[in-house]
Amino acid sequence: MSKITSSTLLKYKREGRKFTALTAYDASFASAFDSEGVDVLLVGDSLGMVLQGHDDTLPVSTADIAYHTRCVRRGIERALLIADMPFMSYATPEQAMVNATELMQAGANMVKVEGGHWLLETVTKLTERGIPVCAHLGLTPQSVHVFGGFKVQGRDAENAQRIIDEAKAMEAAGAQLLVVECIPAPLAAAITEALTIPVIGIGAGASTDGQILVMHDVLGISSGYIPRFSKNYLKQTGEIRSAVRAYIDEVAQGIFPSDEHTFN
Ligand SMILES: Nc1nc(=O)c2c([nH]1)NC[C@@H]1CN(c3ccc(C(=O)N[C@@H](CCC(=O)O)C(=O)O)cc3)CN21
Ligand SMILES: CC(C)C(=O)C(=O)O
Ligand SMILES: [Mg+2]
């Protein structure tokens, strides 16, 4: 079984084959998701909320992400493994290089960073030095206190255009993947079409190249924030592996996300 790389995902995009991503934080879930065929696993800083019980992702450290990345790495045979860089761990290019190195050496294949124009130099420097980067635009949860809540982004024309410009600039700077979170579906569709690199959506409609969800939402065990765009697949299947297969199948067939999981 050949490993998924950024080239594989680029090929999927060209072929119009939708791919699936899930968060994972330990070896057992990672192995189950990987063996059922999830293409991308993310050690998300969402672990600050779903594992640690915080109200946001800001308390998460690079050491936390590195620990869970080492755990998830041991459960993977096929999937691409992305590690989130936590809040303030990439505030300068120098900090980014030190902390991204820690995550790559913990077993990540790629690191993910939240932000737009201010982050371009960092994306270029990481990529030049051999660290693949996934960019993250739209609702970037590390900025929740700037946004004033977990709110849909890019609703007005000016902000929508800024996000499109930032997406193109991220690709030009060397980003190999892009996550767009909580933006109107037409905006996500425009970004997906404008970029060569694959775009993964969460709360961004059905037109992106791939979909990602937080595993606790898919398995119906989140408390507190349960985003409207997520779907509990355990409820309809009753078994974890079947739930994951249902998620993969619905993404592949374009059934998920439907209108009820989409902002317009
Ligand atoms: N369990 C879980 N699932 C996630 O998807 C997730 C996390 N945790 N933690 C980190 C971030 C935070 N995220 C969130 C959390 C809440 C909303 C939310 O409540 N959104 C409103 C939209 C409000 C509006 O219309 O502007 C919603 O109804 O979904 C969205 C993203 C996404 N990520
Ligand atoms: C929701 C995804 C994209 C994420 O960044 C996380 O889980 O931290
Ligand atoms: Mg994250």
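Please read these numbers as outputs of a predicted model, since none were measured by experiment. Start at 1 and go down the list; that is how both ligands and their atoms are numbered. The basis for the numbers below is simple: all heavy atoms, side chains too, and nothing from hydrogens, waters or symmetry mates.
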Ser46 N/O under 3.5 Å from ligand 1 N/O: no

Check ion pair Arg162-Glu158 (N to O, under 4.0 angstrom): no

Geometry at the Mg ion (ligand 3) - Asp45 OD1 versus Asp84 OD2 angle, rounded to 10 degrees: 80°

Part of Leu139 with heavy atoms under 4.0 Å of ligand 1, whether side chain, backbone, both or neither: side chain

For atom 1 (C) of ligand 2, the protein heavy atom that lies nearest, with its residue and separation: Ile202 CD1, 3.7 Å

Identity and separation of the nearest protein heavy atom to atom 24 (C) of ligand 1: Val152 CG2, 3.6 Å

Member of Arg17, Arg14, Lys13 meeting the salt bridge (Lys or Arg N to Asp or Glu O under 4.0 Å) criterion with Asp209: Lys13

Element-labelled atoms of ligand 1 that are located less than 4.0 Å from some non-hydrogen atom of Phe229: 5 (O), 30 (C), 31 (C)

Among Val43, Leu103, Ile212, Leu177, side-chain contact (heavy atoms from CB on, under 4.5 Å) partner for Ile82: Leu177

Residue of the set Asp56, Thr57, Asp84, Asp45 for which side-chain hydrogen bond (donor to acceptor under 3.5 Å, both in side chains) holds with Gln142: Asp45

N/O separation below 3.5 Å, Glu114 to ligand 2: no

Lys151 neighbourhood, listing ligand 1 atoms whose heavy-atom distance to it stays under 4.0 Å: 26 (O)

Donor-acceptor side-chain pairing of Asp34 and Ser31 below 3.5 angstrom: no

Location of contacts on Glu181 toward ligand 1, heavy atoms closer than 4.0 Å: side chain

Atom indices of ligand 1, in the order listed, that fall short of 4.0 Å to a heavy atom of Val50: 1 (N)

Pick from Phe150, Phe147, Phe263: the one approaching atom 15 (C) of ligand 1 most closely through a non-hydrogen atom: Phe150

Contact (N/O only, under 3.5 Å) between Tyr25 and ligand 2: no

Heteroatom proximity flag, Lys112 to ligand 2, N/O under 3.5 Å: yes

Geometric N/O contact Ser46 with ligand 2, under 3.5 angstrom: yes

Phe29 ring center near His216 ring center (under 6.0 Å): no

N or O pair under 3.5 Å between Thr57 and ligand 1: no

Protein contact of atom 28 (O) of ligand 1 - nearest heavy atom, named by residue and atom, plus distance: Arg228 CB, 3.5 Å

Atom indices of ligand 1, in the order listed, that fall short of 4.0 Å to a heavy atom of Met49: 9 (N), 10 (C)

Atom 4 (C) of ligand 2 - nearest protein heavy atom and its distance: Leu42 CD2, 3.5 Å

Side chain, backbone, both or neither: the part of Val144 lying under 4.0 Å from ligand 1 by heavy atom: neither

For Pro141, atoms of ligand 1 separated by under 4.0 Å from a heavy atom: 11 (C)

Short side-chain donor-acceptor distance under 3.5 Å, Ser35 and Arg241: yes

Numbered atoms and elements of ligand 1 in range of Ser222, under 4.0 angstrom, heavy atoms: 1 (N)

